[in-house]
Amino acid sequence: MIDIREIKERREEIKKNIENRFMNVDLDRIIALYDQRSAMLKEIEALRAKRNENAAKMKGKLEKEERDALIEEGKKMKSELAEKEAAFNEVDLLFSSLAKTIPNYASKDAPIGKEDKDNLAIKFYGEPKHFTFKAKDHVALGEDLDILDFDSGAKVAGQKFYYIKNKGVILQMALERYAMDIVLKHGFTPFITPDIAKEEILSGIGFNPRGEESNIYTIEGTGTCLVGTAEITLGGYYSNMILDKKDLPIKMTGLSHCFRREAGGAGQYSKGLYRVHQFSKLEMFIYCLPEESDAFHKEILSIEEEIFSGLGLAYRVVDTATGDLGAPAYRKFDIEAWMPGRGEDGEYGEVTSTSNCTDYQARSLNIRYRDDDGKVKFVHMLNGTAVALSRAIVAIMENYQNEDGSITIPPSLVPYTGFDRIEKLK
RNA sequence: GGAGACGUAUCGAAGUGGUCGUAACGAGCUUGACUCGAAAUCAAGUUGUCCGCAAGGGCACGGGGGUUCGAAUCCCCCCGUCUCCGCCA
């Protein structure tokens, strides 16, 4: 969440930001609740001070009458306090639930716009691949080569689940290790994280585990959820801690399964592996000083580019429009790789995403560091995809397909796969 | 999953209803003294947070409730750690 103490001084700025993000948050109501809450809290604290004073008078030996009078006085304050606290709790609960919905300040450099069409392409790399023959999409290729099996996935687990088979399995493992090696070279500490996290961690990161539109699977009766990304488990790692300034930046990379409900996500653009309920992903995560976060955001993006250019894929980099930013994000860059099987004659499809969430998540998760002046301050937190295996496989299969339906393995992956081609069995 | 023990500051740990949350004691860390320097010794300082210009006050002893004029301390629920048993890759 944002710093709630700034809610009045930065009122106009916050309003403008909500507007730019095309969100529906009633700031005036939140501010009214804030004032109400403050006034009530002040009253309660004054009353508590009186109660403590009263109790302190009873520490020593006292005449019975004197003591009885004090106890009587205490009883009165107790019931008054209970009443006021109950009223306060009600207001406080409403206030904090609404306050959490205020989005992070967006970067001044983020393009203003309503939806993904307004995202700004800031870089193009490589030549989009076109074939002399009619290109297939990864679904057709995968079924012909017997490396992807969507029908069995649907039968056993349901729609949008899949099996990876044969050399497809080795391809995924190779990609995973290829990306890991690049990320490690940049000084990240590797993790394999839980695939489950508590709801409080989810919401601290900015995911809403409840409700119709939630993309999260909750595990009934446990207070936990299946994670949609290792951003959640890496970001929760230091929750409620004060970090040593000398330990920053902390650079982590985590491999996890990712589960997403994707309710309503259907159609041509969500076909096959592109949008699924379960996939694996290697995620990068950085905790750093506030003044460093812009630079680290660019570093994450450049590592992502290193991974995808290394695979010989054409891509573009997109600067996400304010209306398409998640609430915690201050700025977000996506890499969209060229996918020849997408649309009529190939299109770009998102393969990575990196967000600078500044101190927004750190406030909710209470992650701080001690600065040189002795004060504790909130860290900045950034996340970025190293490789989402399923989508990278889509891009590789479609770009490296041959006319006979076989797939050439990108040269940089061959040391990891141990083969340079996937062709029909038999 | 069952039974028991435990959860207090950076760590160990005392406290079992008011004098104990700038929390005994021990260690660590920081600063200073002593020293040629270090060790040892001595001294001082070492939780976070909220309201407030300040003075001052509120809150927090794993988390949440409750009892009480007053809770680290008594009761209930939850979480975590350890030990034993069960189960198991």
Side-chain angles (χ1 to χ4, degrees), chain A residues 1-9 30-97 99-100 192-204 209 218-225 232-233 236-248 250 257 287 359-379:
Chain A
M1 60 190 294
I2 63 163
D3 183 354
I4 219 66
R5 284 170 301 192
E6 297 179 339
I7 198 171
K8 284 199 229 174
E9 304 142 47
I30 296 172
I31 289 175
L33 281 167
Y34 177 76
D35 287 338
Q36 193 186 352
R37 180 187 170 280
S38 297
M40 292 171 99
L41 189 59
K42 228 173 217 175
E43 240 183 281
I44 285 174
E45 286 189 355
L47 196 53
R48 278 180 185 158
K50 266 165 70 187
R51 176 203 58 191
N52 291 346
E53 202 183 314
N54 188 67
K57 282 187 199 155
M58 274 182 270
K59 277 176 189 171
K61 268 200 169 143
L62 287 176
E63 294 298 321
K64 186 172 184 314
E65 288 160 43
E66 211 178 330
R67 178 170 291 271
D68 286 349
L70 289 171
I71 289 177
E72 217 25 65
E73 183 68 16
K75 279 187 178 173
K76 251 179 26 206
M77 285 190 272
K78 187 186 178 176
S79 66
E80 195 183 341
L81 199 54
E83 233 172 85
K84 289 195 164 147
E85 278 173 340
F88 170 80
N89 286 341
E90 210 171 301
V91 172
D92 185 48
L93 205 67
L94 180 62
F95 165 72
S96 45
S97 71
K100 272 186 220 150
I192 294 176
T193 84
D195 289 334
I196 285 176
K198 296 181 178 173
E199 281 182 17
E200 70 215 54
I201 302 291
L202 272 283
S203 43
T218 61
I219 305 172
E220 204 175 335
T222 63
T224 62
C225 310
I232 293 160
T233 43
Y237 195 82
Y238 289 106
S239 61
N240 289 316
M241 286 179 62
I242 299 177
L243 303 169
D244 270 340
K245 185 177 179 179
K246 64 173 170 11
D247 292 333
L248 295 174
I250 294 171
H257 292 109
Y287 298 84
D359 59 358
Y360 193 84
Q361 296 173 326
R363 275 177 204 285
S364 310
L365 292 166
N366 199 27
I367 305 179
R368 296 168 295 169
Y369 70 97
R370 196 179 300 279
D371 208 347
D372 298 329
D373 59 9
K375 293 212 171 85
V376 289
K377 296 175 180 168
F378 290 101
V379 297

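In what follows, every chain begins at residue 1, and chains take the letters A, B, ... in the order their sequences are listed. Keep in mind that what you see is a predicted model, and the values were worked out from it rather than measured.
Residues Asp35(A) and Lys8(A) are paired through a salt bridge, judged by an N-O separation under 4.0 Å between the basic side chain and the carboxylate.
As a whole-Å value, the separation of Ile367(A) CD1 from rG48(B) P is 18 Å. Atoms OH (Tyr369(A)) and P (rU10(B)) sit 19 Å apart, rounded to a whole Å. Distance CD (Glu200(A)) to P (rG63(B)): 13 Å, rounded to an integer number of Å. The interatomic distance linking Leu81(A) (CG) with rG57(B) (C1') rounds to 14 Å, in whole Å. The CG-P distance, from Asn366(A) to rG62(B), rounds to 18 Å in whole Å. Atom-to-atom, CD1 of Ile4(A) to P of rC51(B) comes out at 11 Å; the value is rounded to the nearest Å. rC79(B) atom C1' lies 13 Å from atom CG of Asn240(A), rounded to whole Å. For the pair Ile196(A) CD1 and rC79(B) P, the computed distance is 15 Å after rounding to whole Å.
Nucleotides rC69(B) and rG80(B), compared at atom P, are 35 Å apart to the nearest Å. Nucleotides rG18(B) and rG28(B), compared at atom P, are 33 Å apart to the nearest Å. For the P atoms, the distance linking rU31(B) with rC50(B) amounts to 28 Å, nearest Å. Rounded to a whole angstrom, the distance from the P atom of rC76(B) to that of rA24(B) is 31 Å. Across the P atoms, rC36(B) and rU49(B) are found 43 Å apart, a figure rounded to whole Å. Distance check on atom C1': rG57(B) versus rC53(B) gives 15 Å, rounded to whole Å. Taking atom C1' on both rG62(B) and rG7(B), the two are 6 Å apart, rounded to the nearest angstrom. Straight-line distance between the C1' atoms of rG63(B) and rA72(B): roughly 14 Å, to the nearest whole Å.
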* Under the side-chain contact (heavy atoms from CB on, under 4.5 Å) criterion, do Ile7(A) and Ile4(A) qualify, and how do the steps go? -> CA-CA 5 Å; Ile7(A) 198 171; Ile4(A) 219 66; 4.1 Å; yes
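The stretch residues 33-41 of chain A does not touch RNA chain B, since none of its heavy atoms comes less than 4.0 Å from the strand. Within a heavy-atom distance below 4.0 Å of RNA chain B, the residues of residues 43-54 of chain A found are Glu45(A), Arg48(A), Ala49(A), Arg51(A), Asn52(A).
Position along RNA chain B of the nearest nucleotide to Arg370(A) versus Ala55(A) favours Ala55(A) as the more 5'-ward residue. Residue-to-nucleotide proximity on RNA chain B shows that, of Glu72(A) and Asn89(A), the 5′-proximal contact is made by Asn89(A).
Between Lys76(A) and rC69(B), a side-chain N or O to OP1/OP2 separation shorter than 4.0 Å is absent. At rC69(B), one or more side-chain N or O atoms of Lys75(A) fall inside 4.0 Å of OP1 or OP2 (strictly under the cut-off). Side-chain nitrogen and oxygen atoms of Arg368(A) include none within less than 4.0 Å of the OP1 or OP2 phosphate oxygen of rG48(B).
Of all the heavy atoms in Ile2(A) and Arg363(A), the pair that sits closest is C-CD, 3.5 Å. Taking all atoms of both residues into account, the shortest heavy-atom contact from Tyr360(A) to Lys100(A) is OH-O, 3.4 Å. Between Tyr369(A) and Phe378(A), the closest heavy-atom pair is CE2-O, 3.5 Å. Ser239(A) and Ile201(A) make their closest contact through OG-CD1, 4.0 Å (heavy atoms, listed as atom of the first residue, atom of the second, distance). Considering every non-hydrogen atom in both Gly204(A) and Ser364(A), the closest pair reads O-CB, 3.5 Å.
Base pairing of rC53(B) is not made with any nucleotide, judged by Watson-Crick or G-U wobble geometry with both donor-acceptor distances under 3.5 Å. Base pairing analysis places rG1(B) opposite rC85(B); the two distances defining the Watson-Crick or G-U wobble pair are each below 3.5 Å. Nucleotide rU46(B): paired with rG28(B) (Watson-Crick or G-U wobble, both distances less than 3.5 Å). Across all strands shown, rU41(B) is found opposite rA33(B) as a Watson-Crick or G-U wobble partner, with both distances under 3.5 Å. As the counterpart of rC69(B), rG18(B) is assigned, both hydrogen-bonding distances of the Watson-Crick or G-U wobble pattern falling under 3.5 Å. Under the Watson-Crick or G-U wobble criterion, with both distances below 3.5 Å, rG7(B) is paired with rC79(B).
Under the 3.5 Å distance criterion, the side-chain polar atoms of Thr218(A) are left unmatched by any main-chain donor or acceptor of Cys225(A).
Separating the NZ atom in Lys377(A) from the CD1 atom in Ile242(A) is a distance of 13.5 Å, to the nearest 0.5 Å. Of the inter-residue distances, the one linking Asp195(A) atom CG with Thr224(A) atom OG1 reads 11.5 Å to the nearest 0.5 angstrom. How far CZ of Phe95(A) is from CG of Asn89(A): 14.0 Å, rounded to the nearest 0.5 Å.
In this structure, the nucleotide among rC50(B), rC79(B), rG48(B) sitting nearest to the side chain of Arg5(A) is rC50(B).
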Donor-acceptor pairs under 3.5 Å, side chain of residues 68-81 of chain A to any protein atom, not counting sequence neighbours: which ones?
unit_1   : atom_1 : unit_2   : atom_2 : d
Asp68(A) : OD2    : Lys64(A) : NZ     : 2.7
Ser79(A) : OG     : Lys76(A) : O      : 3.1
Glu80(A) : OE2    : Lys84(A) : NZ     : 3.3

